[in-house]
Amino acid sequence: MTDLYIFDPNDNLLAVLSNESDGSCPFKEAPFREQLNQGSTFEFVAPADHEDSQYIVAENQVAFKDKDGAFRLFVITEPEKTNDSDGPAILAVCSSAMLELNDEIIKDIRPYNTTLRDAATRALSGTRWKVGEMAELGLNSTNFYYITVAEAITQSINTWGGELRDRVEIKDNKITGRFIDILPRRGMDTGKRWEIDKDILKITHKSQSYPKTALYGRGSSLLDDTSETEEYTRKINFADVVWSVAKGDPVDKPAGQEWVGDPVALQLYGRKNDNGTLRHRIGIFESSDQEDAKALLKETWDALQEQKKPIENYEMDVFLLQDISGYEHEKVRLGDTTFAIDRSFAKPIEVEERIISFEYDISDPDNSGVVELGNFIDLYSDEDRLEQIESKLNDNTGVWNNGGKKPVTDDKIENITPAKPENVIASGLFQNVLVEWDFVNALYIANYEVYASQVSGFTPDISNLAWKGKSSMYTHKANTNEQWYFKVRAVNTHGVPGPLSEQVTANTARIITDDILFGSVTADLIAELAVEASKLAESAVTAEKIAALAVGTAAIQNLAVTNGKIANLAVGQGQIQDLAVTNAKIANLAVDNSKIANLSADKINAGSIRGIDIFGSQFRSTDGSTNLQIVGGDVRLTQNSGNYVNINPDGLFGYNSGGSQRFRVDKLLVTSAALGTSNSNVYLAPDANNEVRIVDINSIPSDGIAENYTYRPIRALGLRFGPGANGYIGTEGELRITSSGFKQDDGSVIYRDLRAAAIYGTAFITQTESAWIGTNSALHVVAKGTAEGSLNPIYRALYAGNIFGTSFITQTDNAYIGTNDELRVVNKGLSGIYRNVRANGYFGQFLTADPDFYAYIGTDLGLRVTSRGLASAGPVYRDVTAASFSNGSRIESKSDIVLWKDDALSIICESDLASYFLNGDIEQGREIRKYGLVIGGEWRTPQQVINGDGIDQYVMTSFAWRGLQQVNETQKTHTAEIQSLSEIVIQLRQEVNELKTA
């Protein structure tokens with residue numbers, strides 16, 4: 001557990017919050033969350049009535065040590081005070097201190113053919129932050145043009161690679177340094193396994209699946225002078241480039257095809273056509289600076305490899321074990337490559353991914369945390385993408401204004417894909433590994449990349465990029481007793497990588513002595529409690545490593561001996577002193593059968609009982625008429641008659657002397673002529689999940705499935721159910737009350753009456769054509785429990801195919817007819833001849849006409865769409881939404897038609913447009929501001945567009961149309977005048993030039 005150091009904005013220490021020092025201000029709920037190259041967040045809660053809480057205010061700073069002992073600095077940005085039953089408290093939401101680099105602007109810095117350290121140093125120049133640890137990632141180029149320093153650091157990482165960490169140094173109660181580290185990678189390949197029921201408390205797997213199976217590629221804009229009338233630009237594509245798998249290309253792409261597809265992705269994510277073929281899910285890839293069609297195809301293919309995969313993210317609430325003695329190997333950090341395993345799902349989770357987000361509470365005594373593996377969801381928002389596009393436009397405006405002239409940069413060098421590096425060799429040194437390869441001194445090669453991992457067959461990616469540079473060797477720092485694996489490739493100036501080399505491997509120096517190797521470690525060489533679990537490698541203790549009687553009780557730390565530390569059959573009697581291994585020395589489950597070389601009976605001591613084996617013994621009765629013996633897996637009791645009983649874990653079985661079975665009592669079957677008692681009830685007692693079944697004995701044994709048995713009748717005087725409860729008769733078909741013989745000789749059935757006070761059921765089916773319910777009054781369908789003559793019966797729904805009657809009257813104010821589809825009013829014969837519906841009003845969600853006819857709403861005045869109910873100020877009109885709105889305009893419907901050439905613009909310009917609320921909207925609680933014309937008062941609204949108390953939209957549109965014609969006529973006149981003036985200007989310039997040369 002760490003303390004919180006509160007500083008003022010000038011880096012002076014104000015207070016220390018601690019949960020371990022008496023009198024200090026405590027804190028809780030302090031989650032620290034860090035994301036890979038995405039920044040970090042922090043917040044905490046403290047009591048607001050403690051004296052030191054006065055310093056928890058906005059703009060003050062808070063620092064603490066992370067799990068690696070580095071100080072992390074945050075700025076309090078959102079303090080929030082509350083007071084409830086737990087007392088006054090303050091929540092401090094903090095932002096990473098390095099975000100101040102968003103307030104620093106770089107005007108123009110152009111790092112060219114230089115190192116990451118140089119680029120970062122120039123970016124941070126003039127700020128409060130300095131360059132810290134920097135990865136050696138070779139030479140590269142970029143430019144920082146009117147961007148923030150924070151954006152420049154991100155741009156540097158995107159260009160050179162590496163992963164970000166911010167930290168500060170504190171000395172003598174002051175912040176003495178702020179540092180930006182860019183490491184080759186955060187974390188390492190640890191082999192750590194997260195498992196449910198071990199250290200996973202909760203796991204959430206999220207996926208975003210928007211894959212593309214093919215992409216069009218669009219490159220730089222090139223001038224196209226094929227048009228005879230004007231010049232225009234087009235973006236290059238790779239239609240003329242041919243790829244062939246037979247020639248080593250990743251996929252076949254014929255000439256003329258402007259897109260490239262992935263056939264594997266098509267099989268996984270393609271959409272099926274009607275003919276059974278699959279259609280691609282196609283997107284567009286833009287590379288606006290790429291002028292080489294072959295390189296554009298390669299870039300598009302590489303982009304497709306990223307876009308064809310769903311984004312996978314695993315978030316886990318976990319228990320962090322590393323601080324528990326003996327579990328140091330469970331250490332985890334941001335960036336580690338780990339395994340997550342949960343086999344409780346139908347599709348088990350078994351995944352190897354990097355930790356991209358790591359959160360833990362620095363005040364948490366239980367060492368719990370939250371980790372994310374995989375990919376970030378929603379890595380870039382739409383707003384981010386728009387800002388990138390806007391920046392691209394702004395950056396190139398000057399180039400476009402200059403006629404498209406661009407400087408010669410790396411991307412103008414021919415785009416040649418580098419070859420696979422040859423003669424790659426790894427040589428193990430003491431604490432280093434030297435990796436060498438044949439250097440190709442070509443202008444098109446920008447740098448080499450070396451990837452390193454301690455896992456054989458690893459997949460190279462940014463997480464294991466160890467070095468970038470332009471040389472023929474790389475020295476990898478490691479520790480002794482380590483094995484490393486390496487792959488190398490070259491990258492050209494366009495960022496196109498060549499193929500990876502074959503994997504090579506080397507070991508650093510191994511430290512081991514002859515004394516350990518050949519078993520000379522004896523009891524007198526082992527100090528008391530020197531042997532600890534952490535000192536023993538897995539299966540390190542073998543028989544040949546231990547001298548006779550070398551291990552005494554004083555040399556073994558309690559719980560040091562665990563199962564994983566002992567090789568199979570390593571520990572024999574000769575290796576252990578008498579009474580050396582006590583209970584305290586052995587961890588739970590450490591010693592299993594495979595760890596014990598031999599075990600004899602005289603080694604087992606339990607009080608006065610020593611190990612005795614009994615073979616073939618038989619117990620007999622005193623009169624000799626009965627004997628008891630163990631035969632196979634049975635205890636057998638045999639009489640002189642030869643009859644015998646076998647007892648085993650499955651049950652009790654009786655046999656005749658000849659071996660035929662007389663009876664059995666087991667969990668499957670009890671055979672007896674009768675079950676009864678003379679003075680009590682007889683009980684058949686299955687558990688809550690089973691039932692009593694009367695079946696043919698020949699059906700047993702079976703599989704327990706009800707359908708696989710033959711059932712037999714049961715005959716009794718009566719059937720009583722449990723007292724105070726309902727009785728249930730379950731059947732998959734019908735309950736039939738028949739004569740006692742069930743069926744007659746001819747197979748027919750005679751049904752008997754059923755008499756009851758009431759019948760409750762889901763259906764009533766008649767055996768005749770019609771069903772009759774006879775009543776002297778009315779048929780009432782009411783709630784269960786309603787008695788005859790009830791004053792206020794609760795009526796229930798009646799469902800039927802047809803109801804015939806003279807009227808339909810509801811008992812309530814409204815009547816409801818419920819249907820899952822349509823209510824159709826047709827002729828009585830139900831032959832599909834529709835009839836009219838006449839009502840005062842229609843309330844519904846939509847009105848649909850027959851598909852072969854138009855819908856007509858007939859009215860002698862007009863159709864008005866208003867709000868439900870009328871407001872006191874008059875009708876409140878509502879919107880009409882449709883694909884289009886057509887006014888009848890056929891010439892047959894018009895007369896006195898003349899061409900309209902009047903001035904519409906002046907009428908439009910002399911009218912008043914207003915902003916307003918509708919009174920009816922306000923009365924109904926809707927405040928929606930409207931814009932338009934107003935009829936009445938001093939408002940100037942042309943009479944031509946007024947139609948009663950509304951505006952004729954068709955006339956209004958016609959006025960606008962006429963106004964556009966007038967504007968067009970004026971524009972043509974202005975265009976001619978401008979052309980004439982341009983010719984005059986050209987002539988004047990020529991005359992001026994002639995005067996200058998004269």
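Computed from a prediction, not measured in an experiment: that's the story for all the values here.
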* Give me the ring orientation class for Tyr448 and Trp437: parallel if the planes are under 30° apart, tilted from 30 to 60°, perpendicular past 60°. => tilted

* Between Trp301 and Trp243, how do the two ring planes meet: parallel, tilted or perpendicular, split at 30° and 60°? -> perpendicular

Check the surroundings of atom [atom1] in [X]: do more than 12 heavy atoms from other residues, nucleotides or ligands lie under 6.0 Å from it?
X	atom1	result
Glu502	CD	no
Gln257	CD	yes
Asp240	CG	no
Asn275	CG	yes

Shortest non-hydrogen contact from [X] toward [Y]:
X	Y	value
Arg489	Pro499	CB-O, 3.6 Å
Ile182	Leu116	CG2-CD2, 3.7 Å
Thr148	Leu101	CB-O, 3.8 Å
Val488	Val424	CG2-CG1, 4.0 Å

* For Gln483 and Gln454, does a side-chain donor sit closer than 3.5 Å to a side-chain acceptor? -> no

* Side chain proximity check, Glu482 to Val433, heavy atoms < 4.5 angstrom -> no

* **Over-ring placement of Lys309 relative to Tyr269, 6.0 Å and 45° cut-offs** => no

* Establish, for the pair Lys67 and Tyr360, whether the NZ or CZ atom is under 6.0 angstrom from the six-membered ring centre and no further than 45 degrees off its axis. => yes

* Residues Leu278, Asn273; criterion side-chain contact (heavy atoms from CB on, under 4.5 Å); working and verdict -> CA-CA 6 Å; Leu278 296 174; Asn273 293 309; 5.8 Å; no

Could you tell me whether the side chain of [X] and the main chain of [Y] form a donor-acceptor pair under 3.5 Å?
X	Y	result
Arg185	Gly335	yes
Glu163	Arg186	yes
Lys253	Trp259	no
Thr337	Arg354	no
Thr121	Arg117	yes

* Kindly determine whether Gln305 and Asp262 satisfy side-chain contact (heavy atoms from CB on, under 4.5 Å), including the steps that lead there. => CA-CA 8 Å; Gln305 300 316 295; Asp262 189 310; 3.4 Å; yes

* Let me know which of Asp336, Leu36, Val371 forms a side chain to side chain contact (heavy atoms under 4.5 Å, CB included) with Phe358. => Val371

